[in-house]
Amino acid sequence: MNDHREIYQTLFERLRDPVILLDASGKVIEMNRAATTLLSDITGQDTTPMLSNWFGGDRGPGLEAAPPHAVQLLTLDTPAGIRQFELESQLASDQSDRFRGTIIILHEVTELKDAERDALNRSASAQLISGISAKLIGIEPHEFDEAVDESLGRIGTYNSAAGAFIVQFDTMGDRVYLSHWWSSRDESPPGARFDAVEALQVQAWRATLAQSDLCVLPLQPGAAGGDRVEPLLDCLGVPCVVRLPLLYHNEPIGCMGLTSADPQRTWPPENLELLKKAAQVLTNALQQRRVEEALAQERNLLRTLIDSLPDYIYIKDVGSRFVMNNAAHLRLLRAKRQDEVYGKTDHDIFPPDLADSYLRDERGVMESGQPLVNRDESVLTEAGERRWVLTTKVPLKNAEGESVGVVGVGRDITARKQMAEQLESHARLLEQANADLSARNQELDEFTYVASHDLQEPLRKLISFSDVLREDLDAGDMQGVTRAANTISSAARRMKTLVEDLLALSRSGRQSMHWQEVDLGECLAMALDVLEVRIAEEKAEIEVQPLPTVYGDRNLLAQLFQNLIGNALKFHGDAPPWITFTVEPDGDDWIVGIRDNGIGINPEYAEQIFAPFKRLHGRGQYEGTGIGLAICRKIVERHEGRIWVEPAHGGGSHFRFVLRARQEEPST
Ligand code: ADP
């Protein structure tokens, strides 16, 4: 029995866990070495206060009412510091089931609990950081600020802060602004007056932040940087308790801070670590946003620039599909918005032949990698208007130098082209006018020559027979006087006819045209009316037939018929004149002819007879001035037609001329 007792005692003493034996009244009967070390020797003492502290409530002197076996967690302030134990209590009864006492064993679990708490903390903070990161990555620009505010909320809540904020420097670095704000009680952001802060002060603070780390504020005077109390954060007017710089590649873009009602509050190191990580995530997101904003701004600037240029600018992808068109080009294509032409090819917009030629050019540019510079292109607008564009196409290359599309720049040169064309046509007109003028001058020279020549002939007669008349009068030769007077009178008549015909020729070239649709049958009737007596005298046979309607001057065309029929009546052979008409369509024109059975014309002179005063016979044979056909040519030319003579089948002449049937006024 004693042996057992000894063994038991040894075991009891050596147990690493503190063990205490209490009697039924709650007094310590025995405690092992570990228990004594932990609690000092309390054997025999009243443990009521200790037990009520351990087990809670007032349990009385013993632990009779406690469950027979229980385990609970206990925190004790020991000489080795605050420790955590699992307290196991076991009620002991005797054979007759009477409560005899309690055995208490304390298992230390401080390290276990620390590890557990650590693990929990770690996973909470890891969750927080990954949550923020996930929220801020790939976010749409318009949701960004809200997401940052929400992230600040999660950080603030995790740290039990009253508020959290971000202050940023603008991109120039000499202004600050409160960019994001969260408050646990939904308070609106303080009316911070950052505008009043001078640029120099801002730069100084930037320098401070660049060199500082996370700070728990307010900084104590004398601490590193403590004399430079954060002047800008003071402007916030909130008790900022923690602030940490937002550094991107060691450059401060701003700072993040937490506010608390209790400026003396302490911060567990793991929370401060977490804040640093959160700041890093936020910095990356804010910086990314800044870059995106700067890019968007640059894009906007570039876009505004190219949209305000009058030139057409567009980008096509490797399949020659439009991916960008500036405002001027959209206007040309009659599109209001980019998406109306986005992805379309020239084949969706222009006629196939134009689209084919554009595509050929662009493939050439992409394959050769060489630009196509200042090519004159004709463009058909959506309104069907043809415009001229001076186009330059440059290959668009990726980082590897491969062509991935084309950039096109076009300048509308329609006005310039039209001007050049106008100038050219003016030059042509001028040239034509010059040619006409010199032809007319030449004609006039010839005309003057022949006119003076032909007029001189009767004039000479007049002069010489006036002398003869005078001599005959002096000599009293009355027969001679009569002869001379007759000759003078006939020479004067001839001059009169010549002058009248000359006037008729001049009139036929000058008198203004009265354009209208003219039935040539009517013109023929007018001519026959005038020639009625001569037709009867010559016993001429005239085969009238239906003639076409042309566009021209009725009186001049009647004159044309009169002159030609007059000649046919005059230049007949032995047989009486027989006159017929020919009509032949020639495209939009008519070829009309007058055919006679007269003496005919040697083809050698076929051209010359149309010149003024040109006659093939002396007046002894056929009376005339040689002006009739010149008038005919003038009339036909004023109708922009042509006149010529051919030998008629079976002898005689066939005069033919072309007249226009269309209703368009010729340019004369
Ligand atoms: P004119 O009749 O006053 O001589 P024209 O100019 O009418 O002058 O004719 C020029 C010349 O052309 C005539 O002199 C004549 O030699 C020739 N000629 C014109 N018409 C005919 C014709 N129908 N047949 C033959 N010769 C003609």
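First listed ligand is number 1; within each ligand, the first listed atom is number 1. Atoms considered below: every heavy atom in the structure, side chains included; atoms not considered: hydrogens, waters and symmetry mates.
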Kindly indicate, with the supporting measurements, whether the criterion side chain to side chain contact (heavy atoms under 4.5 Å, CB included) is fulfilled by Leu333 and Phe350.
CA-CA 10 Å; Leu333 302 181; Phe350 300 113; 3.8 Å; yes
Closest protein heavy atom to [atom], given as residue, atom name and distance to 0.1 Å:
| atom | value |
| --- | --- |
| atom 21 (C) of ligand 1 | Phe571 CD1, 3.4 Å |
| atom 19 (C) of ligand 1 | Asn567 ND2, 3.4 Å |
| atom 12 (O) of ligand 1 | Ile609 CG2, 3.5 Å |

Any N or O of [X] closer than 3.5 Å to N or O of ligand 1:
| X | answer |
| --- | --- |
| Ile599 | no |
| Thr625 | yes |
| Leu629 | yes |

Phe144 six-ring centre to Arg289 NZ/CZ under 6.0 Å and within 45° of normal:
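Arg289 over Phe144 ring: yes.
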Less than 6.0 angstrom from the centroid, inside 45 degrees of the normal: does Lys570 satisfy that with respect to the ring of Tyr622?
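Output no; distance or angle outside limits.
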Looking at ligand 1, would [X] count as a contact under a 4.0 Å heavy-atom criterion?
| X | answer |
| --- | --- |
| Glu623 | no |
| Phe655 | yes |
| Gly626 | yes |

Would you call the rings of His329 and Tyr312 parallel, tilted or perpendicular, taking 30° and 60° as the class edges?
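Taking Tyr312 first and then His329, their aromatic rings sit tilted (interplane angle of 30° to 60°).
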